[in-house]
Amino acid sequence: MKVIKEISAIQDISDYYRCTGKKVALVPTMGFLHEGHISLIQKSREDNEVTVVSIFVNPTQFGVNEDFNKYPRDFKRDYDICEKERVDYIFNPETMEMYDNSLTNITVSEITDRLEGKFRQGHFTGVATVVMKLINAVKPHSIYLGQKDAQQNAVLKKMVKDLNADVKINICETKREENGLAMSSRNSYLTPEQKADASILYYLLNEGKKLVLENQRKEVNDIISEIGITLKQKQPGIELQYYEITDNENLDSITDLKNFKGEVLISLAAKIGNTRLIDNIVFTK
Ligand code: AMP
């Protein structure tokens with residue numbers, strides 16, 4: 001396994017494999033790897049000859065009051081995980097390598113106004129721009145993303161389609177702790193008690209799914225209010241920033257729930273102490 005710091009070097013490496021007919025894949029990450037990232041790496045290795053894991057804590061996707069400075073970082077640990085998982089290359093550029101007097105941004109509209117977009121202004125422009133830059137650096141045939149970041153996936157799918165990017169997007173299921181908490185690098189901010197309390201989030205997603213599938217309620221807001229009451233009863237200390245029931249493509253709120261057919265996405269963001277967590281569940285109705 002090699003660590004590559006320069007864009008031109010990873011481009012040359014990718015060109016070499018591509019012209020010898022090998023499939024190149026990218027797993028974009030911000031490091032502090034966990035089982036969720038590992039599952040993407042494993043899927044990528046199953047499907048492709050060459051797996052590149054990018055490790056880059058992208059400053060442009062963090063708001064001014066967000067956790068860029070304290071975001072967990074441990075390159076040595078990430079290196080060992082990647083080596084054990086038989087990753088071929090780690091692409092680990094410095095910020096200056098990625099953004100040297102950069103004046104260009106990619107903004108996907110509409111999808112980015114809702115859910116996370118209401119709480120994290122400019123976040124998805126940062127994400128879309130960095131992922132497009134990573135795609136142009138690594139030139140992968142495919143990229144592997146986790147269902148954990150459902151809105152990010154919708155934004156990136158739209159970007160790839162709208163910009164004719166020649167890359168296939170694979171979405172892998174969310175890996176969870178035994179209590180249902182979605183794995184996340186940010187879980188390292190939680191105390192053991194907070195981690196235990198946070199299991200309510202997956203419970204609320206499943207409760208919402210049950211209520212949607214019962215098909216007794218016409219309005220999504222009826223379900224959302226019930227969920228709010230359940231949270232107040234079981235974990236009043238947790239603040240739900242949003243809990244929304246949408247379609248899984250444009251992330252529009254579902255207006256006629258009874259008659260809706262297709263993929264339903266239930267997404268939430270919650271604050272436990274100072275830590276903000278997101279999670280979602282997707283299913284067919
Ligand atoms: P991050 O390092 O948090 O930017 O995540 C990098 C990639 O890993 C993204 O595509 C995430 O959706 C994915 N990912 C994060 N957490 C999980 C998880 N618990 N299960 C599966 N994929 C995940």
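In listed order, ligands and their atoms are each counted from 1. One is the number of the first residue; the rest follow in order along the sequence.
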Worksheet item: Salt-bridged, Glu116 to Arg276, with N to O below 4.0 Å?
Response: yes
Discussion item. Test of understanding: given a 4.0 Å heavy-atom threshold, classify the contact between Pro28 and ligand 1 as side chain, backbone, both, or neither.
Written reply: backbone
Practice prompt. Salt-bridge test for Asp166 and Lys139: reply yes if a basic N is under 4.0 Å from a carboxylate O, no otherwise.
Written response: no
Discussion item. Side chain or backbone, does Asp149 bring an N or O within less than 3.5 Å of an N or O on ligand 1?
Written reply: yes
Worksheet item: Is any NZ, NE, NH1 or NH2 atom of the basic residue among Lys43 and Asp47 found under 4.0 Å from an Asp or Glu carboxylate oxygen of the other?
Response: yes
Discussion item. Closer than 4.0 Å to some heavy atom of Met183 - which atoms of ligand 1 meet that?
Written reply: 16 (N), 17 (C), 18 (C), 19 (N)
Worksheet, complete the sentence: A student checking ligand 1 against Met30 at a 4.0 Å heavy-atom cut-off should list atoms 1 (P), 2 (O), 4 (O)
Discussion item. Among all protein heavy atoms in this structure, tell me which lies nearest to atom 20 (N) of ligand 1, with the distance rounded to 0.1 Å.
Written reply: Lys175 N, 2.8 Å
Discussion item. Is the positively charged end of Arg73 above the ring of Phe68, judged by distance under 6.0 angstrom from the centroid and angle within 45° of the axis?
Written reply: yes
Donor-acceptor list for residues 22-30 side chains, cut-off 3.5 Å, not counting sequence neighbours:
{"residue": "Thr29", "atom": "OG1", "partner": "Gly31", "partner atom": "N", "Å": "3.0"}
{"residue": "Thr29", "atom": "OG1", "partner": "Ser54", "partner atom": "O", "Å": "2.8"}

Worksheet entry | Other cluster members, Phe32 - Ile/Leu/Val/Met/Phe/Trp/Tyr, side-chain contacts below 4.5 Å | none
Fill in: Check ion pair Glu207-Lys209 (N to O, under 4.0 angstrom)
no
Discussion item. Going by the closest heavy atom to atom 9 (C) of ligand 1, which one wins out of Gly36, Gly146, Gly31?
Written reply: Gly146
Discussion item. Under a 4.0 angstrom heavy-atom cut-off, which atoms of ligand 1 come close to His34?
Written reply: 15 (C), 16 (N), 17 (C)
Discussion item. Closer than 4.0 Å to some heavy atom of Leu145 - which atoms of ligand 1 meet that?
Written reply: 10 (O)
Worksheet item: So Arg120 and Glu66, salt bridge (Lys or Arg N to Asp or Glu O under 4.0 Å) or not? Walk me through it.
Response: CA-CA 9 Å; Arg120 304 189 71 188; Glu66 292 182 3; 2.5 Å; yes
Fill in: Sub-4.0 Å atoms of ligand 1 with respect to non-hydrogen atoms of Leu40
7 (C), 8 (O), 13 (C)
Item to complete: Do me a favour and list the nearest non-hydrogen protein atom to atom 5 (O) of ligand 1 with residue, atom name and distance?
Response: His37 NE2, 3.4 Å
Discussion item. As an exercise, identify every atom of ligand 1 less than 4.0 angstrom from a heavy atom of Thr174.
Written reply: 19 (N), 20 (N), 21 (C)
Worksheet item: Would one find an N or O of Gln147, backbone or side chain, under 3.5 Å from an N or O of ligand 1?
Response: no
Worksheet entry | Test item: side-chain donor near acceptor, Asn48 and Tyr144, under 3.5 Å | yes
Worksheet item: Where's the contact between Val27 and ligand 1, heavy-atom distance under 4.0 Å: side chain, backbone, both or neither?
Response: neither
Worksheet entry | CG (Asn274) with more than 12 external heavy atoms under 6.0 Å | no
Practice prompt. Work out whether the distance between some heavy atom of Glu173 and some atom of ligand 1 is less than 4.0 Å.
Written response: yes
Worksheet, complete the sentence: One finds that the ligand 1 atoms under 4.0 Å from a non-hydrogen atom of Thr29 are 2 (O), 6 (C)
